[in-house]
Amino acid sequence: RPVNIPIKNRHVFITGGSSGIGLALAHQAASQGARVSLLARSLSKLEEAKQSIRLSSGVDVSIFAADVRDYYAVQKAINDAGPIDVLVVNQGVFVPQELEKQGLEEVKFMIDVNLMGSFNVIKAVLPLMKERKDRGPTSIALMSSQAGQVGVYGYTAYSASKFGLRGLAEALQQEVIADNIHVTLIFPPDTDTPGFEQESKVRPELTTILAGSSGSMKADKVAKKALDGIKSGSFIVPCNFEGQMLAIATAGLSPQRSFLMAFFEVAFIGICRLVALFFQWNWYGSIEQWHAKKKEK
Ligand SMILES: NC(=O)C1=CN([C@@H]2O[C@H](COP(=O)(O)OP(=O)(O)OC[C@H]3O[C@@H](n4cnc5c(N)ncnc54)[C@H](OP(=O)(O)O)[C@@H]3O)[C@@H](O)[C@H]2O)C=CC1
Ligand SMILES: CCCCCCCCCCCCCCCC(=O)[C@@H](N)CO
């Protein structure tokens, strides 16, 4: 059933909030009257973010320098930040590379930050979020990626880390629903951020070609979709039209609050599977072409 999770005058805690999508979310939450806290590794980037939010909305955000891989550092930050109403687990790292070429330390880095780091943050927040009475509905939101709905060339480790978040989210929602806690999973396409700019420099050509199947977005737009999804307690939040098709094609056994969306899923799942097969046909065609071109050289 539908739910409404207000953010005005409530505490929104964003990991990876000093850059890109997380920073855009922080700006929007602050301008909508939320009390905002940010967590990331680099203190100087956090201070810059704090400054820019103060300039644009006059709001003073709290900042916490910690690495999500360090449970005790995360726990300390969260205890210092005070009770959280909306947790956005958004930190993420992405180093695209064919698995054969990628070092295992890079694989582990992505799994540790994106997946294990998310466990650390949620484990630290949950007891405090649960323990408060008369607090109204609260939210735990996770930033996945369209690469967490479909495997993409060059993203073996990254896709695995983002698919992992879905299992975590589906199981967690069942565990916390009785506490009026609502889980949201966000699936952005390529998004114009400092992290993406870095990624683009090292991305295999095929990764760029396949990821181009979905249009790219501005961080502000993704943040707006995310925040609207969080406020309406949506479990799955797609960000663009391709994302809406992907969400239907991969709906599986995820919960659905909206009767209208449930109807769309049932009505369009067949056609979306057809479109998905067409995309796969196309992707394998691109892969074949790319190999043929490489051989010629
Ligand atoms: N941009 C894109 O194309 C897409 C991004 N996403 C996802 O959205 C999220 C945000 O991405 P984007 O805005 O592009 O990323 P950015 O690289 O621009 O920002 C990443 C943020 O995460 C923080 N961070 C990184 N590692 C850690 C860590 N170990 N501990 C704590 N904080 C950390 C960074 O700060 P610091 O380095 O100081 O720690 C920074 O604040 C990620 O989860 C990403 O996977 C999903 C789909 C597309
Ligand atoms: C029903 C069929 C729908 C068809 C649409 C298919 C589109 C899939 C495109 C996948 C794009 C993956 C982008 C990853 C972005 C990301 O996370 C990196 N930039 C790292 O941050």
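In listed order, ligands and their atoms are each counted from 1. Note that the structure is a prediction, hence the values are computed from the model and not measured.
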Of the backbone atoms (N, CA, C, O) and the side-chain heavy atoms from C-beta on, which set of K162 has a member under 4.0 Å from an atom of ligand 1: side chain, backbone, both, or neither?
side chain
State the atoms of ligand 1, each with its element, that fall below the 4.0 Å cut-off from a heavy-atom position in D67.
28 (C), 29 (N), 30 (N)
If you scan protein heavy atoms around atom 14 (O) of ligand 1, the nearest is T193 OG1, 2.6 Å
S52/H27 under side chain to side chain contact (heavy atoms under 4.5 Å, CB included): CA gap, chis, key distance, verdict:
CA-CA 9 Å; S52 83; H27 273 280; 3.2 Å; yes
Taking only heavy atoms of S18 into account, list the atoms of ligand 1 that are under 4.0 Å away from them.
35 (O), 40 (C), 41 (O)
Side chain to side chain contact (heavy atoms under 4.5 Å, CB included) between V152 and Q146, worked out:
CA-CA 9 Å; V152 178; Q146 287 183 357; over 6 Å; no
In terms of atom number and element, which parts of ligand 1 are under 4.0 angstrom from non-hydrogen atoms of G20?
13 (O), 18 (O)
Residues in side-chain contact (heavy atoms from CB on, under 4.5 Å) contact with P255, at least two apart in sequence or another chain
F235
In the protein, which heavy atom is nearest to atom 25 (C) of ligand 1, and how far is it?
R41 NH2, 3.5 Å
Using 4.0 Å as the upper bound for N to carboxylate O, is an ion pair formed by R132 and D85?
yes
With heavy-atom distances below 4.0 Å as the criterion, list the atoms of ligand 1 near A66.
30 (N), 31 (C)
Before accepting this row, confirm whether a basic side-chain N of the pair D220/K218 lies closer than 4.0 Å to the acidic partner's carboxylate O.
no
Under 4.0 Å between heavy atoms, the region of K45 that gets near ligand 1 turns out to be side chain
Which is closest to atom 20 (C) of ligand 1 by heavy-atom distance: G92, S118, S161?
G92
Residue part near ligand 1, for S144, under 4.0 Å between non-hydrogen atoms
backbone
Report yes or no: do S254 and R166 form a side-chain donor-acceptor pair below 3.5 Å?
yes
Can you give me every donor-acceptor pair (side chain of residues 289-297, partner residue at least two apart or in another chain, under 3.5 Å) with its distance?
unit_1 : atom_1 : unit_2 : atom_2 : d
W290   : NE1    : E205   : OE1    : 3.2

Proximity of A219 to ligand 1 by residue part, where a heavy atom lies under 4.0 Å:
neither
Looking only at protein heavy atoms, which one is nearest to atom 23 (C) of ligand 1, and how far off is it?
G16 CA, 3.5 Å
Would you say the side-chain atoms of H11 and N9 include a donor-acceptor pair closer than 3.5 Å?
no
Using a 4.0 Å heavy-atom cut-off, which part of N90 comes near ligand 1: side chain, backbone, both, or neither?
both
Rounded to the nearest 0.5 Å, what's the gap from CG on L185 to OG on S234? Could you check?
11.0 Å
As an exercise, identify every atom of ligand 1 less than 4.0 angstrom from a heavy atom of S145.
46 (C), 47 (C)
Please determine whether a side-chain nitrogen of the Lys or Arg among D112 and R69 lies less than 4.0 Å from a carboxylate oxygen of the Asp or Glu.
no
Could you work out, with ring-ring contact (aromatic ring centres under 6.0 Å, His included) as the rule, every residue matching Y155, not counting sequence neighbours?
Y158
In Å and rounded to the nearest 0.5 Å, what is the CD to CZ distance from Q280 to R273?
8.0 Å
Taking only non-hydrogen atoms of A40 and a 4.0 Å limit, the atoms of ligand 1 in range are 31 (C), 32 (N), 35 (O), 38 (O), 39 (O), 41 (O)
Structural part of I21 in contact with ligand 1, heavy atom criterion under 4.0 angstrom:
both
Taking atom 16 (P) of ligand 1 as the reference point, the nearest protein heavy atom with its distance:
S19 OG, 3.5 Å
Contact partition for Y158 relative to ligand 1, non-hydrogen atoms under 4.0 Å
side chain
Under 4.0 Å from ligand 1, counting heavy atoms only, is it the side chain of P189, its backbone, both or neither?
backbone
For atom 2 (C) of ligand 1, the closest protein heavy atom turns out to be T191 N, 3.4 Å
Return yes if a side-chain donor-acceptor contact under 3.5 Å exists between T191 and T193, otherwise no.
no
Which value, rounded to the nearest 0.5 Å, describes the distance between L227 atom CG and Q28 atom CD?
6.0 Å
If you look at each N/O of ligand 2, which protein N/O atoms lie under 3.5 Å away, and at what distance?
unit_1   : atom_1 : unit_2 : atom_2 : d
ligand 2 : 17 (O) : S145   : OG     : 2.7
ligand 2 : 17 (O) : Y158   : OH     : 2.7
ligand 2 : 19 (N) : D190   : OD1    : 2.8
ligand 2 : 19 (N) : E199   : OE1    : 3.0
ligand 2 : 21 (O) : Y158   : OH     : 3.4

Which residue supplies the protein heavy atom nearest to atom 30 (N) of ligand 1, what is that atom called, and how far is it?
V68 N, 3.0 Å
Do Q97 and E106 meet the criterion of a side-chain donor-acceptor pair at a distance under 3.5 Å?
no
With V89, which of N114, I14, I122, L39 fulfils side chain to side chain contact (heavy atoms under 4.5 Å, CB included)?
I122
Nearest non-hydrogen protein atom to atom 47 (C) of ligand 1, with distance, is P188 O, 3.4 Å
Can you name the nearest heavy-atom pair linking M143 to P188, along with the distance?
SD-CG, 3.7 Å
4.0 Å heavy-atom contact, P194 with ligand 1:
yes
Please report the closest heavy-atom contact between S159 and G151, naming both atoms and the distance.
OG-CA, 3.8 Å
Can you list the atoms of ligand 1 that are under 4.0 Å from a heavy atom of V113?
26 (N), 29 (N)
Is there a side-chain contact between Q32 and V12 (heavy atoms, below 4.5 Å)?
no
Residue G195 vicinity, atoms of ligand 1 by number, heavy atom under 4.0 Å
16 (P), 17 (O), 18 (O)
Identify the protein heavy atom lying closest to atom 15 (O) of ligand 1, giving its residue, its atom name and the separation to 0.1 Å.
F94 CZ, 4.0 Å
